[in-house]
Amino acid sequence: MSFAIARDGNVASTLDREHFERLLRESYRQAYALAYRLTGNGADAEDLLQDAYIRAYRFFHQYDPELPFAKWLSKILCNANIDRLRRKGRLKIASLDQRSEEGRQVAEVADWSNTPDRRMVEESVSDPLQEGLAAVRPEFRTAVVLADIEGMEYEEIAQTMGTSVGTVRSRIHRGRKQLRRYLSEHFPDYVARMVDEL
Amino acid sequence: MNCRNAQAKLSALLDGELGGNEALLVREHLRQCARCSAEWRELRALKLALGQLTDAEPPAGLEDRLLAAVRRQGSERRTIRLWVPAAAAAAAACATLALLQAASSEPRQTVVQRTLPPVPSTFEVDRDQAYVSAADPFGPGPVILAAGYGRR
Ligand SMILES: [Zn+2]
């Protein structure tokens with residue numbers, strides 16, 4: 001056998017469990033808000049959040065208590081969301097993705113803007129911004145949400161998404177472009193009002 | 001700086017992620033170009049609007065449901081079946097044979113009948129001894145970890 005099974009110890013001691021539960025209580029509201037922005041509806045947001053906390057609990061031994069728990073959880077949550085979409089077959093393979101984002105001649109691989117997340121759109125009709133976000137490719141959406149809603153710097157977003165600052169820059173640029181295009185096509189008055197109020 | 005170059009950098013400028021000199025060049029272009037400055041205003045408005053979105057309120061009972069889900073993780077006892085390669089079973093059979101031969105070559109010695117424990121075809125593993133993660137939190141693919149793995 002290539003690995004030995006440790007018979008001693010628990011996955012998490014009672015102390016770890018209590019520590020984790022305290023962190024969960026402190027963080028879940030903010031985490032829910034992020035999950036909601038990424039998924040666009042309450043049901044998916046809750047599923048995603050549950051998935052993220054379960055992953056976080058299993059890998060709690062990897063958590064560095066010197067760092068803010070919310071940031072560590074955000075990272076897990078963003079990755080869980082990308083996995084979720086990948087399972088649904090909504091994302092193209094990563095290598096193709098990377099090339100298209102970082103290559104000199106950027107081919108618009110995704111026609112994501114023409115096939116926005118249907119459920120997300122249906123449940124967000126009351127909010128043009130949330131509907132617009134649904135029309136943005138998930139990786140781009142995640143980067144924009146982390147920058148504009150979570151207020152993260154590019155370096156932090158790069159760490160959270162496991163990518164380079166250059167890719168983050170490109171994702172945000174293209175995400176905002178898709179968002180702007182969607183809004184001006186579907187809500188021109190809303191965009192005009194938004195600029196006037198500036 | 002032309003429009004194409006400037007527009008590619010507007011987002012980074014907006015986020016304060018553009019170096020000093022580059023930022024100056026883009027700002028200079030914005031003073032001269034109506035089209036790019038219109039785009040700049042729109043991007044700023046968009047960023048501001050996104051930042052002002054009110055946080056979605058968690059549904060009632062979410063905290064309890066999350067805690068329950070985590071607790072289920074810890075207490076659930078799960079059996080993981082690990083297939084022991086045929087080679088291991090063969091090796092165990094050889095060992096038994098060698099033991100018996102050694103015993104028979106020394107007839108005067110008192111032979112205590114020893115049998116090796118049967119090789120199990122599966123290990124019953126509880127959740128608190130080892131666990132299988134359906135997915136690494138930071139990457140795809142399954143991971144099997146011993147409980148003590150990575151513990152400080
Ligand atoms: Zn221009």
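Each chain gets a letter, A, B and so on, in the order its sequence line appears, and its residues count up from 1.
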For B:Leu14, is it the side chain, the backbone, both or neither that has a heavy atom under 4.5 Å from a heavy atom of chain A? side chain
With only heavy atoms counted, which part of A:Ile172 is less than 4.5 Å from chain B, the side chain, the backbone, both or neither? both
Could you tell me which portion of A:Val145 (side chain, backbone, both or neither) has an atom closer than 4.5 angstrom to a non-hydrogen atom of chain B? neither
Work out which heavy atom in B:His29 is nearest to a heavy atom in B:Met1; give both atom names and the distance. ND1-O, 3.0 Å
Residue from B:Arg41, B:Lys47, B:Arg65, B:Gln7 scoring the most non-hydrogen pairs under 4.5 Å with chain A is B:Lys47
Given heavy-atom pairs under 4.5 angstrom as the criterion, report whether the side chain, backbone, both or neither of A:Glu153 touches chain B. both
Between B:Cys33 and B:Cys3, what is the shortest heavy-atom contact and its length? SG-SG, 3.7 Å
Given 3.5 Å as the limit, does a donor-acceptor pair link the side chain of A:Tyr190 with the main chain of A:Leu129, or not? no
Any donor and acceptor pair, going by atom type alone, linking the side chain of A:Ser170 with main-chain N or O of A:Gly166 inside 3.5 Å? no
Are the ring centres of A:Phe60 and A:Tyr63 closer than 6.0 Å? yes
By a 4.5 Å heavy-atom criterion (distance strictly below it), what part of B:Glu39 contacts chain A: side chain, backbone, both, or neither? both
Over all atoms of both residues, closest heavy-atom pair of A:Leu73 and A:Ala52: CD1-O, 4.2 Å
So, the part of A:Arg176 with a heavy atom under 4.5 Å from chain B: the answer is both
Heavy-atom pair count under 4.5 Å with chain A, highest-scoring of B:Lys9, B:Glu63, B:Glu57: B:Glu63
Part of A:Leu49 within contact of chain B (heavy atom distance under 4.5 Å): both
Non-hydrogen atoms of chain A under 4.5 Å away: do they reach the side chain of B:Leu48, the backbone, both or neither? side chain
So what's closer than 4.5 Å to chain A heavy atoms on B:Leu18: side chain, backbone, both or neither? side chain
What heavy-atom pair brings A:Arg137 and A:Gln178 nearest, and what distance separates the two atoms? N-OE1, 3.0 Å
What is the ring orientation for A:Tyr182 with A:His186, classed by angle as parallel under 30°, tilted 30 to 60°, or perpendicular over 60°? parallel
Picking from A:Gln50, A:His173, A:Glu197, which has the most non-hydrogen pairs under 4.5 angstrom with chain B? A:His173
Please find the pair of heavy atoms, one from B:Ala45 and one from A:Leu198, that lie closest to each other, and give the distance. CA-CD1, 3.8 Å
Atom group of A:Val195 that falls short of 4.5 Å from chain B, counting heavy atoms: both
